[in-house]
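Since this is a predicted model, take the numbers as computed values, not measurements. Atom set for the values below is all heavy atoms of this structure, side chains included, hydrogens, waters and symmetry mates excluded.
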Amino acid sequence: MTTEERAQVAQRAAAALGALLKPRWQPLPHQIPPPGDWYGWLLLAGRGAGKTDACAEYVARHVAGPPCLPGPVPHWIGIIAPTQGDAVTACVSGPSGIKAHDPTAAGPITSAGGTVVRWANGSQAKLYGANSPEDVERLRAGSNTCLAWLEEFAAWRYMQQSFDQLRFGLRSGPRPHWVASTTPKPKLLLNRLKNGKIPGVVTTHATMYQNPHLPEHIRQMLEDAYAGTDLGEQELLGQILDEVTNALWRRHAIAASRMQPDALPDQIRRNRWGRPVRRRGRTGHRRSREVGADPPRGAARPAGRP
């Protein structure tokens with residue numbers, strides 16, 4: 001064994017001892033994975049609710065659990081964030097990342113094959129972004145996985161394309177599945193997942209106020225920026241806003257003034273110049289619900305009109 005290998009073994013042993021001596025992270029109720037054999041767990045939460053902590057802990061427990069694959073790599077995991085740099089800082093090295101929950105995780109390590117996190121039992125997690133067509137192609141070419149973590153899912157620039165490619169590769173082990181942590185945004189795919197349009201997805205929800213560990217000055221800054229606004233429902237309360245904040249016509253106003261078809265008055269058939277169509281004969285002009293119909297053949301055009 002070389003000096004470098006001895007140093008690596010000593011570093012891992014120190015990390016393992018530190019993990020044993022460190023007080024165990026305790027999840028809040030909204031950070032506990034939902035029960036059942038689900039395919040996807042979508043955690044919609046406001047800023048500072050602890051959603052990244054919840055998914056980092058889930059990945060760490062998955063790696064420590066029963067192997068999904070035979071051989072030297074018992075778990076192949078994909079971690080996708082808005083950019084690969086976000087995956088490094090938020091999901092791995094940051095204060096809520098994997099290394100904060102499992103100090104035995106080594107990395108991120110960058111090589112010709114990409115940027116990965118490695119564990120002593122041989123498990124690996126590869127880091128991806130979702131910000132460009134090249135990122136989508138990297139996901140397409142990525143190896144098959146048993147678990148995927150979708151960090152800040154609603155902020156992905158190439159959301160649908162990246163989601164499709166990660167799902168196509170999520171096929172290793174007895175139960176391939178994904179977990180997603182995000183502050184919601186009004187995105188079509190996010191609404192489909194939340195509303196059960198894609199089978200096997202369980203959605204849970206949390207607000208900023210459900211995390212008692214959030215520092216008070218951070219809470220105050222977020223409230224100063226968003227409290228009392230429509231955007232605050234998204235950023236603080238984790239709600240999906242399904243309309244543009246500054247829209248001239250709002251959904252509640254449209255719903256309040258909507259008329260039923262039976263309440264609509266009869267309309268007179270009009271020609272292209274906006275004049276009622278009159279038919280010669282005993283019946284006079286004909287009443288109809290049609291508007292904007294072409295004038296009858298041979299009808300005289302108004303004076304001054306071409």
Side-chain angles (χ1 to χ4, degrees), residues 1-22 24-25 33 41 52-130 134-135 137-152 162 165-166 168-181:
M1 182 179 291
T2 65
T3 302
E4 183 179 355
E5 289 173 339
R6 290 193 186 95
Q8 290 178 351
V9 171
Q11 183 180 8
R12 289 180 179 176
L17 180 60
L20 291 174
L21 297 177
K22 182 181 178 180
R24 186 76 181 91
W25 180 83
W41 172 25
T52 301
D53 268 315
C55 288
E57 174 71 7
Y58 188 90
V59 171
R61 294 308 98 211
H62 180 81
V63 167
C68 291
L69 301 168
V73 183
H75 300 282
W76 266 113
I77 299 167
I79 299 176
I80 308 95
T83 67
Q84 190 183 67
D86 295 332
V88 171
T89 55
C91 302
V92 180
S93 303
S96 299
I98 290 172
K99 296 181 74 172
H101 289 260
D102 184 1
T104 65
I109 302 165
T110 301
S111 64
T115 302
V116 299
V117 178
R118 292 175 180 156
W119 282 265
N121 66 357
S123 298
Q124 295 195 35
K126 191 171 183 179
L127 310 184
Y128 299 91
E134 290 75 20
D135 287 336
E137 290 302 312
R138 291 189 188 99
L139 276 167
R140 179 195 295 270
S143 59
N144 297 339
T145 55
C146 59
L147 174 67
W149 174 9
L150 292 55
E151 167 66 356
E152 284 300 345
S162 300
Q165 295 306 321
L166 77 86
F168 298 156
L170 194 59
R171 51 185 174 179
S172 296
R175 186 203 159 203
H177 60 287
W178 54 263
V179 295
S181 47

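Asp135 is not listed as a side-chain neighbour of Tyr128, based on a closest heavy-atom distance of 4.5 Å or more. At least one side-chain heavy atom of Arg118 sits under 4.5 Å from a side-chain heavy atom of Ile109. Taking 4.5 Å as the limit, every side-chain heavy atom of Glu151 sits out of range of all side-chain heavy atoms of Ile79. Side-chain contact between Leu150 and Val179 is absent, with no heavy atoms from C-beta onward closer than 4.5 Å. Using a 4.5 Å cut-off on side-chain heavy atoms (C-beta onward), Val116 and Leu127 make no contact.
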Margin query: Could you go through Ile98 and Trp149, starting from their C-alpha distance and side-chain angles, then the distance that decides it, and tell me whether this counts as side chain to side chain contact (heavy atoms under 4.5 Å, CB included)?
Written below: CA-CA 11 Å; Ile98 290 172; Trp149 174 9; 4.0 Å; yes
Margin query: What verdict does the side chain to side chain contact (heavy atoms under 4.5 Å, CB included) test give for Lys126 and Ile77, after you've listed the backbone C-alpha separation in whole Å, the side-chain angles of each residue and the deciding distance to 0.1 Å?
Written below: CA-CA 6 Å; Lys126 191 171 183 179; Ile77 299 167; over 6 Å; no
Notebook entry, point to check: Could you walk me through whether Leu147 and Trp76 pass the side chain to side chain contact (heavy atoms under 4.5 Å, CB included) check?
Noted result: CA-CA 7 Å; Leu147 174 67; Trp76 266 113; over 6 Å; no
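Rounding to the nearest 0.5 Å gives a distance of 16.0 Å between SG of Cys146 and CH2 of Trp178. Rounding to the nearest 0.5 Å places CH2 of Trp41 at 8.5 Å from OG of Ser181. Rounded to the nearest 0.5 Å, atoms NE2 (His101) and OG1 (Thr52) are 9.0 Å apart. Between the CG atom of Asp102 and the OG atom of Ser123 there is a distance of 10.0 Å, given to the nearest 0.5 Å. Separation of atoms OG (Ser162) and CD (Glu137) is listed at 10.0 Å; rounding is to 0.5 Å. Note that CD of Gln124 and OG of Ser143 are 8.5 Å apart. Values are rounded to the nearest 0.5 Å.
Using modelled atom types, one side-chain atom of Thr89 and one backbone atom of Gly85 make a donor-acceptor pair closer than 3.5 Å. The backbone N or O of Arg175 sits less than 3.5 Å from a side-chain atom of His177, completing a donor-acceptor pair. A donor-acceptor pair is defined here as one N or O able to donate and one able to accept, closer than 3.5 Å; no such pair exists between the side chain of Lys99 and the backbone of Pro108.
Taking every heavy atom of both residues into account, Gly129 and Leu139 meet most closely at O-CD1, 4.3 Å.
Using a 3.5 Å distance cut-off with no hydrogens or angles, the side chains of Thr145 and Ser172 do not pair a donor with an acceptor.
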Which donor-acceptor pairs under 3.5 Å do side chains of residues 64-75 form with protein atoms, sequence neighbours excluded?
| from | atom 1 | to | atom 2 | distance (Å) |
| --- | --- | --- | --- | --- |
| His75 | ND1 | His62 | NE2 | 3.3 |
| His75 | NE2 | His62 | O | 3.3 |
| His75 | NE2 | Pro66 | O | 3.3 |

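The salt bridge (Lys or Arg N to Asp or Glu O under 4.0 Å) test applied to Asp86 returns no partner, not counting sequence neighbours. Residues that satisfy the side-chain contact (heavy atoms from CB on, under 4.5 Å) test with Glu152, not counting sequence neighbours, are Lys51, Pro82, Ala155, Thr182, Thr183.
We find that Arg138 and Glu134 are not joined by a salt bridge, their nearest charged nitrogen and carboxylate oxygen being 4.0 Å or further apart.
At most 12 heavy atoms of other shown residues, nucleotides or ligands fall within 6.0 angstrom of atom CZ in Arg140.
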